[in-house]
Amino acid sequence: MSILHILSQYTIKSLGELYPGSFSAGDFQINQTKPEFEGDYTLVLFSLVKKLKIAPEALCDALGRKLVQQHPEIFSSYNIIKGFLNLSISDSYWVNILSNSVDPDFGKSAPTGRRVMVEYSSPNTNKPLHLGHLRNNFLGWSVAEILKFNGNEVFKSCIVNDRGVHICKSMLAWEKWGNKETPKSTGIKGDHLVGDYYVKFENALKREAEELKQKEGNGNFVHYDAPTADKVQVLSNALANLNPTDTKYTDKKEKIEGELKELRRGATPLMKEVKQMLVDWEAGKPEVIALWKQMNNWVYEGFDVTYKKIGTDFDKVYYESNTYLLGKDIVEEGLKKNVFFKKDDGSVWIDLQKEGLDEKLVLRKDGTSVYITQDIGLAEQKYREFNTDQSIYVIADEQNYHMTVLKLICQKLGLAFAHDIFHLSYGMVELPSGRMKSREGTVVDADDMIEEMVKTAQKHTTELGKVNDFTEEELSQLYETLGIGAIKFYLLRVDPKKRMVFNPEESIDFHGFTGPFIQYTHARIKSILRKAQPGGTVNYSAALLPLEKELLVSIEHYPEVLQQAAKELNPSVLANYLFSLAKTFNSFYSEHQVANAETEEKKQLRLRLAVSTGNILSSGLKMLGIRAPERM
RNA sequence: GGUCCGGUAGCUCAGCUGGAUAGAGCAUCAGCCUUCUAAGCUGAGGGUCAUUGGUUCGAAUCCAAUCCGGAUCACCA
């Protein structure tokens with residue numbers, strides 16, 4: 001049990017003995033005492049002052065006295081400043097926690113039997129992974145590991161978006177301009193090769209759309225079918241009638257121009273070909289299917305290399321080409337139960353206006369399903385296959401609306417798992433110059449990023465020359481450990497919910513609040529432990545020095561941090577803690593000798609501090625997907 | 001326009017279930033390697049916690065309004 005729990009329980013008990021009525025943890029607050037005051041933990045009791053009609057000082061004094069009196073093994077003394085009750089925890093309590101914390105599994109919870117699925121990564125197969133995908137992968141993987149450590153049975157899953165217009169774009173471009181080149185013939189990684197054709201397609205599409213714009217300037221609109229031509233007409237008129245003095249003029253103009261642009265793109269010969277290709281794919285046309293399989297396989301080979309490097313793994317992989325028809329039968333049932341309704345044209349909708357949302361389409365008028373329909377189906381299938389208590393979706397916050405709707409629909413359908421759907425929504429990664437846009441070529445490629453970080457690790461390591469005796473194999477291992485550790489930590493140290501700015505210069509820094517800083521601390525500890533190992537027993541009688549105690553307090557806090565990280569599904573809580581622990585250790589290390597301590601007693605204590613800190617750093621980093629090197 | 005999210009040091013971020021004088025890292029400046037790894041340590045400067053009002057013993061934290069930024073509101077995925 002943690003000191004916070006103990007404190008809380010004893011406080012409740014003592015209050016009950018001192019005053020009439022019953023008390024709960026909500027009646028007071030426990031904070032770590034500010035360094036400028038004496039004490040370890042501070043009880044904030046102001047909310048009880050009114051309830052008990054007693055002066056803060058008197059309350060603090062009565063409670064402080066009682067706590068120290070009844071539990072001298074825990075509380076050594078107390079003091080009162082401005083109505084805050086500062087409690088000092090006895091050194092023996094702190095020293096005693098070492099018997100638990102030297103265990104490599106310190107902080108691990110017993111199995112709870114709770115089953116959780118974490119869906120993450122979920123890439124499209126038309127282009128290589130970029131920085132945003134890395135945040136998703138690291139987050140999902142880490143959350144899964146944190147949940148495991150907290151006693152949950154976890155299943156990592158992934159839905160591969162392996163079909164659709166975007167893939168057809170790459171396919172068509174390769175067919176047209178590819179000259180049958182392959183990853184092998186070009187030496188280009190498969191996912192990058194396919195991505196290159198996606199870019200080629202987009203560029204060609206842009207040119208065709210530009211040509212259409214020229215034609216439209218000359219009054220030629222024959223490339224549109226009748227209904228689209230009408231729409232274009234309406235929009236063009238609206239554009240012409242905009243009042244330039246309107247405060248929202250530029251907004252409105254951009255919006256209309258955007259819509260016109262989309263219509264124009266849709267009317268290009270290339271888009272028409274792509275749409276035909278998609279129809280052919282759905283019809284199972286052999287040569288289209290063959291091409292699709294071939295190009296997807298190239299992508300998978302590329303992804304495998306990247307996934308292996310960054311340590312991404314799954315217990316279950318779903319493919320959209322297998323699941324895109326799911327959900328239709330659920331919609332049919334829902335229609336019978338009047339959860340959905342059918343419009344005159346045959347399309348099926350759900351009305352979410354009571355929930356403050358809009359009407360949402362679930363089946364097109366031609367009876368085909370849309371994204372959300374598949375998602376309902378897949379959610380149902382996952383539940384059936386894994387019998388989960390919770391299903392977490394790691395998806396960027398641009399899909400907040402979609403995920404709200406998904407959950408709501410499942411609830412309205414009365415599906416058993418509906419309530420257990422949780423959208424772990426994370427913010428997008430931006431560059432100092434703004435948002436990454438694949439169409440404008442401002443995306444940071446994941447493979448490039450990793451390579452650069454590994455090279456930076458190599459550069460630093462070589463300059464410092466501390467591991468010159470390593471073999472080539474050991475060295476390249478170390479470079480990856482450090483480079484990938486740096487980027488993982490960089491992306492995980494920020495609250496997932498918040499969007500974050502990726503600063504290329506800052507990210508390659510290996511000093512300060514970084515992965516390598518923590519890895520370095522771990523290596524230092526291992527270096528000490530190669531010289532001496534704890535032995536005998538800790539029979540500590542001298543007073544703890546400030547930095548010894550600070551370390552112990554931090555070590556004691558670890559299980560609590562893990563619980564919080566699991567509860568909030570937030571690895572940044574862990575990342576911040578590990579940094580703080582490492583920092584404390586480094587201060588301690590620079591002040592005090594461990595292996596050559598002043599006395600044997602101190603040596604034994606400090607060796608255990610080193611062992612415990614090393615364990616926590618290594619186990620914590622592991623849950624962030626970061627390896628802790630023995631030497632660096 | 002509706003809905004949702006955010007605004008804390010020059011930059012990137014903690015702190016947000018209300019508590020004492022708001023913290024880190026980077027950057028800047030000044031120190032520390034004959035002692036277990038200096039990818040480290042110690043110190044200094046740097047703040048109208050977007051603005052205004054409210055709630056109360058107490059507000060960066062809660063509420064309201066305003067300003068600024070972002071996301072989203074497809075028979076796309």
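In what follows, chains carry the letters A, B, and so on, assigned in the order in which the sequence lines appear, proteins first and then strands, with residues in each chain numbered from 1.
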- Anything under 30° is parallel, anything over 60° is perpendicular, the rest tilted; go ahead and classify A:F84 against A:F46.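 Rings of A:F84 and A:F46: perpendicular, over 60°.
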- Message: Once you measure the plane-to-plane angle for A:F489 and A:F513, does it fall in the parallel (<30°), tilted (30-60°) or perpendicular (>60°) bin?
- Response: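 The arrangement is perpendicular - the two ring planes meet at more than 60°.
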Touch class at under 4.0 angstrom, heavy-atom based, for [X] against every strand present:
| X | result |
| --- | --- |
| A:E398 | sugar-phosphate |
| A:L357 | nothing |
| A:S587 | sugar-phosphate |
| A:S425 | nothing |
| A:N161 | nothing |
| A:H592 | base |
| A:V44 | base |
| A:T521 | nothing |
| A:D495 | sugar-phosphate |
| A:F46 | base |
| A:M428 | nothing |
| A:V594 | base |
| A:E630 | base |

[X] side-chain proximity, nearest of [options]:
| X | options | result |
| --- | --- | --- |
| A:E506 | B:rA20, B:rU12, B:rA77 | B:rU12 |
| A:K498 | B:rC57, B:rA77, B:rC16 | B:rC16 |
| A:N503 | B:rC13, B:rC36, B:rC11 | B:rC11 |
| A:K365 | B:rC36, B:rC75, B:rC41 | B:rC75 |
| A:R435 | B:rC57, B:rU72, B:rG40 | B:rU72 |
| A:L361 | B:rA24, B:rA20, B:rC75 | B:rC75 |
| A:N586 | B:rC41, B:rA77, B:rC36 | B:rC41 |
| A:Y371 | B:rC41, B:rA77, B:rC75 | B:rA77 |
| A:T33 | B:rG40, B:rG70, B:rA20 | B:rA20 |
| A:H166 | B:rA20, B:rA77, B:rC36 | B:rA77 |

- Query: Closer to the 5' end of RNA chain B via nearest nucleotide, is it A:H402 or A:A523?
  - Reply: A:A523
- Task: Using the closest heavy atom to pick a nucleotide of RNA chain B for each, name whichever of A:A595 or A:G164 lands nearer the 5' end.
- Result: A:A595
- Message: With rounding to the closest Å, how many angstrom separate the C1' atoms on B:rG45 and B:rG40?
- Response: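 My reading of the C1' atoms in B:rG45 and B:rG40 gives 22 Å.
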- Message: Please report the distance separating the C1' of B:rG6 from the corresponding atom of B:rA50, rounded so that it comes out in whole Å.
- Response: 11 Å
Under-4.0 Å salt bridge between [X] and [Y]:
| X | Y | result |
| --- | --- | --- |
| A:E598 | A:R606 | yes |
| A:K343 | A:D345 | no |
| A:E202 | A:K127 | no |

- Residue pair A:Q604, A:R608: steps toward the side-chain contact (heavy atoms from CB on, under 4.5 Å) verdict: CA-CA 6 Å; A:Q604 288 307 326; A:R608 281 168 174 78; 2.9 Å; yes
Between [X] and [N], is there a side-chain N or O to OP1/OP2 distance below 4.0 Å?
| X | N | result |
| --- | --- | --- |
| A:S590 | B:rU42 | no |
| A:R364 | B:rC76 | yes |
| A:K497 | B:rG70 | no |
| A:Q29 | B:rG19 | yes |
| A:K34 | B:rA20 | yes |
| A:R524 | B:rA38 | yes |
| A:K50 | B:rC57 | yes |

- Message: Distance criterion of 3.5 Å, no angle test: do you see the side chain of A:N86 paired donor-to-acceptor with the base of B:rA20?
- Response: yes
- Does the side-chain ring of A:F37 sit on the six-membered ring of the B:rA20 base, less than 5.5 Å centre to centre and under 30° in tilt? yes
- Item | Is_stacked (A:F84, B:rA20) at 5.5 Å, 30 deg | yes
- Message: Syn if the chi torsion is within 90° of 0, anti otherwise; quick check, which is B:rC67?
- Response: anti
- Intra- and inter-strand pairs of RNA chain B in dot-bracket (Watson-Crick or G-U wobble, both distances under 3.5 Å; | for another strand): ((((((((.[[[[.)...(...]]]].(((((.......))))).....[[[[[..)....]]]]])))))))....
- Message: Take a 6.0 Å sphere around CD of A:E359 and say whether it holds more than 12 heavy atoms from other residues, nucleotides or ligands.
- Response: yes
- Would you find more than 12 non-hydrogen atoms of other residues, nucleotides or ligands less than 6.0 Å from A:K567 atom NZ? no
- Message: I need the A:E480 CD to A:Q458 CD distance, nearest 0.5 Å.
- Response: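 Nearest 0.5 Å value for the CD-CD distance: 11.0 Å.
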Please report the distance, rounded to the nearest Å, between [atom1] in [X] and [atom2] in [N].
| X | N | atom1 | atom2 | result |
| --- | --- | --- | --- | --- |
| A:L408 | B:rU3 | CG | C1' | 14 Å |
| A:M403 | B:rC5 | CE | C1' | 17 Å |
| A:E505 | B:rG10 | CD | C1' | 14 Å |
| A:F28 | B:rU17 | CZ | P | 17 Å |
| A:L492 | B:rC13 | CG | P | 14 Å |

- Query: Going through the distances and angles, do A:K583 and A:E550 end up as a salt bridge (Lys or Arg N to Asp or Glu O under 4.0 Å)?
  - Reply: CA-CA 11 Å; A:K583 215 154 42 108; A:E550 206 180 309; over 6 Å; no
- Among residues 508-517 of chain A, which residues get a heavy atom nearer than 4.0 Å to RNA chain B?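 The answer is A:D509, A:F510, A:H511, A:G512, A:F513, A:F517.
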- Show the numbers, then the answer: is there a side-chain hydrogen bond (donor to acceptor under 3.5 Å, both in side chains) between A:T481 and A:R627? CA-CA 6 Å; A:T481 296; A:R627 289 195 295 262; 3.0 Å; yes
- Please determine if A:R163 forms a cation-pi arrangement with A:Y324, meaning its NZ or CZ atom is less than 6.0 Å from the six-membered ring centre and no more than 45° off the ring axis.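 Flagged: A:R163 positioned over aromatic ring of A:Y324.
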- Residues that A:E630 engages under side chain to side chain donor-acceptor pair (under 3.5 Å), provided they are two or more places apart: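 So A:E630 forms no side chain to side chain donor-acceptor pair (under 3.5 Å) with any residue.
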- Message: Quick one about A:S170 and A:N126 (side-chain donor to acceptor, distance below 3.5 Å, no hydrogens or angles considered), yes or no?
- Response: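 Their side chains do not contain a donor-acceptor pair, so the 3.5 Å distance test is not met.
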